[in-house]
Engineer: 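The structure follows.
Letters A, B, ... mirror the listed sequences (proteins, then strands); counts begin at 1. Treat the numbers as computed from the prediction; the structure is a model and nothing was measured. Note: hydrogens, waters and symmetry copies are ignored here, and every other heavy atom, side chains too, is used.
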Amino acid sequence: MAKSTSGLSRKRMGEMYRTMLRIRRFEETADDMYMAGKVVGGVHVSIGQEACSAGVCAALREDDAVLTTHRGHGHSIAKGTRLPEMLAELMGKVTGLCRSKGGSMHIADVSKGHYGAHSIVGANMPMAAGIGLAYQLEGKDRVAVVFFGDGASNNGAFHEAMNLCAIWKLPVVFFCENNQYAVSVPAEYSTSVDDISVRSKGYDAPGLTVDGMDVAAVYEASREAVAHARRGLGPSLVEAKTYRFFGHSRGDPHYGMYRTKEEWEGWKGRDPLIVCEKMLKMTAKQKKAHADAVETEIREAIEFAENSPEPEESVALEDIFA
Amino acid sequence: MPELTYVEALNQALHEEMARDEKVFLMGEDVAFDYFGVCSGLADRFGRDRVRDTPICELGFTGAGVGAAMAGYRPIVDLRFMDFTTYALDPIVNQAAKLRYMLGGQLSVPMVARIPSGAGLQYGATHGQSLEAWFMQVPGLKVLYPSCAPDAKGLLKAAVRDDNPVMFIEHRLLYAQKTKQIVPEGDHTAPIGVADVKRAGADATIVGIGYQMGHCLEAAEALAGEGIECEVIDPRSLSPLDVETITASVRKTSRCVIVEEGHLRSGVGAEISAAIQEAVFEYLDAPIGRVAALMAPIPVQTKLEKFVLPSTEKVIAAVRKTLGVSA
């Protein structure tokens with residue numbers, strides 16, 4: 001498994017740390033709001049997996065695309081999605097990114113190159129191939145990254161999309177966050193290989209497995225895969241071994257049902273924020289500066305979302321054409 | 001004005017739209033070679049980037065069509081057989097139909113799915129279905145089904161220019177027709193959501209869907225010989241559906257038969273029938289008749305297939321029944 005070579009600038013690392021902290025605090029806030037009954041619909045938090053979002057998106061340009069999943073707050077934030085409008089969407093407010101009609105599982109901010117969270121597992125991969133195809137037809141060197149989990153790597157959509165991208169050399173990066181479980185089913189049971197990245201061999205594409213708790217490692221692998229795509233050489237498959245510290249959704253506990261306490265504690269000890277703080281040898285003062293800035297942003301998002309109105313019923317019939 | 005077959009009309013529409021807008025491209029299985037003839041000459045004229053053969057992966061390439069549409073292109077995906085849309089239902093039903101709405105209008109999905117459908121060629125239960133009623137049920141999909149050459153060209157051009165996903169249904173037996181019809185020249189589009197009265201009459205209304213229009217017109221001709229004048233209406237667009245034109249006719253005739261090739265249960269006829277009785281119940285003098293495929297998969301054997309499918313004779317019988325006259 002590829003570890004970081006830590007040749008990154010402190011500036012870049014600091015930016016990624018900030019992104020991870022923004023994701024962490026946004027999702028903790030979303031969870032609080034959910035517990036307070038203020039979220040409409042479900043919420044799947046990615047707490048524990050922030051290094052994936054931050055590391056990949058740091059390797060992208062603003063005009064590149066991402067497509068994400070039902071567990072997509074992190075990718076959205078890392079790609080530049082606005083926090084107030086995103087929280088408003090979760091809380092069923094008309095100021096939400098999707099005018100309250102998409103909710104947590106369908107966050108999108110197309111103006112930022114975020115082509116949507118897609119809650120049907122696997123569905124985003126053929127769409128990513130199509131966006132890659134559009135970029136290739138345009139003759140521009142833009143790249144699409146599609147995030148998915150270990151579970152989706154067993155879906156036909158993954159294989160059809162990998163093959164299309166490979167035969168047409170489309171500029172798409174397949175980024176698999178292997179968080180070890182598809183809801184309750186362990187990857188070691190459901191998946192034919194130990195490292196999902198080896199499946200790239202079936203499509204004659206590069207594949208690499210990285211430590212998903214190490215943002216620098218994720219960034220370096222992503223940078224390589226994105227450069228490969230941008231040069232017109234086709235898709236890559238990057239797998240990050242990671243772990244969600246929360247349950248699949250609010251319906252299951254952190255551990256005790258299908259995950260053991262020991263396993264959970266083992267991964268919790270490798271919290272990507274703490275790993276990054278150690279790599280940066282951050283002082284308490286530096287940590288506080290990051291935390292304070294993020295708290296201000298979170299407070300503003302809450303204020304915006306809380307003060308936003310619910311939609312009129314007529315919104316239910318907007319954007320209907322057939 | 002030139003006379004074209006159904007296939008030539010579709011082919012001309014594709015040539016014209018691809019020449020007009022470089023964002024339009026076509027992909028699917030065997031589209032460059034295309035033994036149906038609809039795509040003739042496209043690969044040579046526009047190149048393999050825009051006339052793109054795909055592997056056999058309906059989910060993959062239809063999903064890719066959705067993605068390309070999200071990114072500003074106007075893909076036409078060719079599903080080859082309507083039965084194969086079962087593999088592509090996620091990108092069609094969950095993605096193409098929903099994205100504009102679900103994302104609060106941030107983008108639209110201007111994709112056309114060309115879907116050759118229908119039985120009558122002894123291809124059997126998995127290569128002869130008419131599933132158009134499935135798609136009518138989904139908010140966010142336009143469903144078009146032209147029955148003749150001028151509508152084929154006009155509606156396909158309109159579909160390509162529409163900013164939303166369109167299921168464009170064709171019929172393989174219409175491909176086989178050698179009859180030529182007058183097709184308006186130049187930049188002619190047909191309006192989406194507007195039915196067409198194919199024959200005027202005052203005694204009974206026949207609403208015919210797609211390929212079944214041929215049977216409806218034959219039936220109307222035969223019945224005219226008996227002094228029964230049928231008004232024959234082609235909705236052309238199943239979603240949105242032009243209820244207005246149909247109910248205006250029923251107000252006049254007070255009797256209606258709906259003819260489709262899909263299965264009877266929860267079919268297109270069920271929806272149109274419900275719409276008619278909601279709007280003009282007091283005008284009806286008899287129950288609305290429905291002619292559709294019997295509730296059996298499409299069998300291969302010629303005699304059995306004929307038994308299951310609608311026919312001119314079945315349409316005539318249904319019209320007589322609604323008029324209370326015997327043969």
Side-chain angles (χ1 to χ4, degrees), chain A residues 65 67 89 94 96-103 105-111 114-120 122-138 142 144 146 155-165 167-168 170 172 311 315-322, chain B residues 22-23 25 27 49-50 52 54-73 75 77 87-88 90-91 94-108 111 135-136 138-143 162-167 192-193 237-241:
Chain A
L67 295 93
E89 183 65 30
V94 74
L97 287 160
C98 307
R99 293 182 62 68
S100 78
K101 295 191 286 189
M105 291 204 292
H106 305 105
I107 295 291
D109 194 349
V110 174
S111 68
H114 177 1
Y115 280 90
H118 299 279
S119 60
I120 301 287
N124 57 2
M125 291 185 262
M127 284 188 264
I131 291 173
L133 176 57
Y135 291 169
Q136 187 187 64
L137 287 168
E138 268 176 348
R142 296 160 79 183
V146 58
N155 189 290
F158 163 73
H159 296 278
E160 293 191 19
M162 274 296 287
N163 188 53
L164 281 179
C165 291
I167 63 167
W168 291 339
L170 300 180
V172 178
V315 172
L317 297 177
E318 282 177 2
D319 287 306
I320 298 281
F321 43 85
Chain B
E22 62 174 21
K23 293 285 187 191
F25 73 97
M27 65 177 160
D49 273 354
R50 292 181 65 198
R52 187 174 283 260
T54 66
I56 299 175
C57 58
E58 289 81 8
L59 162 59
F61 74 72
T62 308
V66 175
M70 290 163 79
Y73 275 76
V77 296
Y87 265 138
D90 176 71
N94 288 327
Q95 316 305 336
K98 307 289 196 291
L99 281 166
R100 176 171 157 184
Y101 183 87
M102 200 162 62
L103 271 49
Q106 291 187 59
L107 50 70
S108 57
M111 179 178 82
F135 300 112
M136 282 175 75
V138 180
L141 293 179
K142 294 187 176 179
V143 183
D162 201 283
D163 284 336
N164 297 297
V166 178
M167 310 299 283
I192 292 175
S237 165
L238 301 179
S239 180
L241 181 67

Engineer: Between B:A97 and A:F321, what is the shortest heavy-atom contact and its length?
Structural biologist: O-CZ, 4.4 Å

Engineer: Might you point out which heavy atoms bring B:E58 and A:E160 nearest each other, and give the distance in Å?
Structural biologist: N-OE1, 4.1 Å

Engineer: Using the salt bridge (charged side-chain N to carboxylate O under 4.0 Å, His left out) criterion, which residues pair with A:D319? Sequence neighbours excluded.
Structural biologist: B:R100

Engineer: Which heavy atom of A:A322 sits nearest to which heavy atom of B:K142, and what is that distance?
Structural biologist: CB-CG, 3.6 Å

Engineer: Considering only heavy atoms, which portion of A:L97 lies under 4.5 Å from any heavy atom of chain B: side chain, backbone, both, or neither?
Structural biologist: both

Engineer: Examine whether an atom of B:L99 lies under 4.5 Å from a heavy atom of chain A, and if so say whether it belongs to the side chain, the backbone or both; otherwise answer neither.
Structural biologist: side chain

Engineer: Restricting to non-hydrogen atoms, name the atom on A:V110 and the atom on B:Q106 that form the minimum distance, rounded to 0.1 Å.
Structural biologist: N-OE1, 2.9 Å

Engineer: Where does B:T54 contact chain A at under 4.5 Å (heavy atoms): side chain, backbone, both or neither?
Structural biologist: both

Engineer: Side chain, backbone, both or neither: which part of B:D49 has a non-hydrogen atom closer than 4.5 Å to chain A?
Structural biologist: both

Engineer: Are any side-chain N or O atoms of B:Y101 and backbone N or O atoms of A:A316, one a donor and one an acceptor, separated by less than 3.5 Å?
Structural biologist: yes

Engineer: To the nearest 0.5 angstrom, please state how far the OH atom of B:Y73 sits from the CD atom of A:E138.
Structural biologist: 4.5 Å

Engineer: Just verifying a value: how many Å separate A:N155 CG and B:D90 CG, rounded to the nearest 0.5 Å?
Structural biologist: 8.5 Å

Engineer: Sequence neighbours left out, what passes salt bridge (charged side-chain N to carboxylate O under 4.0 Å, His left out) with B:R50? Give chain and number order.
Structural biologist: none

Engineer: For A:H118, is it the side chain, the backbone, both, or neither that has a heavy atom closer than 4.5 Å to a heavy atom of chain B?
Structural biologist: side chain

Engineer: I need the minimum non-hydrogen distance between B:G60 and A:P126, along with the two atoms involved.
Structural biologist: O-CB, 3.6 Å

Engineer: Looking at B:I56, B:L103, B:V66, which makes the most heavy-atom pairs under 4.5 Å with chain A?
Structural biologist: B:L103

Engineer: Answer with side chain, backbone, both or neither: which region of A:A161 has an atom nearer than 4.5 Å to a non-hydrogen atom of chain B?
Structural biologist: neither

Engineer: Is B:K23 in contact with chain A via its backbone, its side chain, both, or neither, using a 4.5 Å heavy-atom distance?
Structural biologist: side chain

Engineer: How long is the straight-line distance from CE of A:M127 back to CE of B:M70, given to the nearest 0.5 Å?
Structural biologist: 6.0 Å

Engineer: Do the non-hydrogen side-chain atoms of B:R52 and A:L137 ever get within less than 4.5 Å of each other?
Structural biologist: yes

Engineer: Do A:N163 and B:C57 have side-chain heavy atoms sitting under 4.5 Å apart?
Structural biologist: no

Engineer: At a heavy-atom separation under 4.5 Å, does A:I107 approach chain B through its side chain, its backbone, both, or neither?
Structural biologist: neither

Engineer: Side chain, backbone, both or neither: which part of B:P139 has an atom under 4.5 Å from a heavy atom of chain A?
Structural biologist: both

Engineer: With heavy-atom distances below 4.5 Å as the criterion, would you say the side chains of A:I120 and B:K98 are in contact?
Structural biologist: no

Engineer: Top residue by heavy-atom pair count (under 4.5 Å) with chain A, among B:G105, B:P240, B:G72?
Structural biologist: B:G105

Engineer: Between A:G102, A:A129, A:A108, A:G156, which has the largest tally of heavy atom pairs under 4.5 Å with chain B?
Structural biologist: A:A108

Engineer: Non-hydrogen atoms of chain A under 4.5 Å away: do they reach the side chain of B:M136, the backbone, both or neither?
Structural biologist: neither

Engineer: Can you name the nearest heavy-atom pair linking A:I131 to B:A71, along with the distance?
Structural biologist: CG1-CB, 4.2 Å

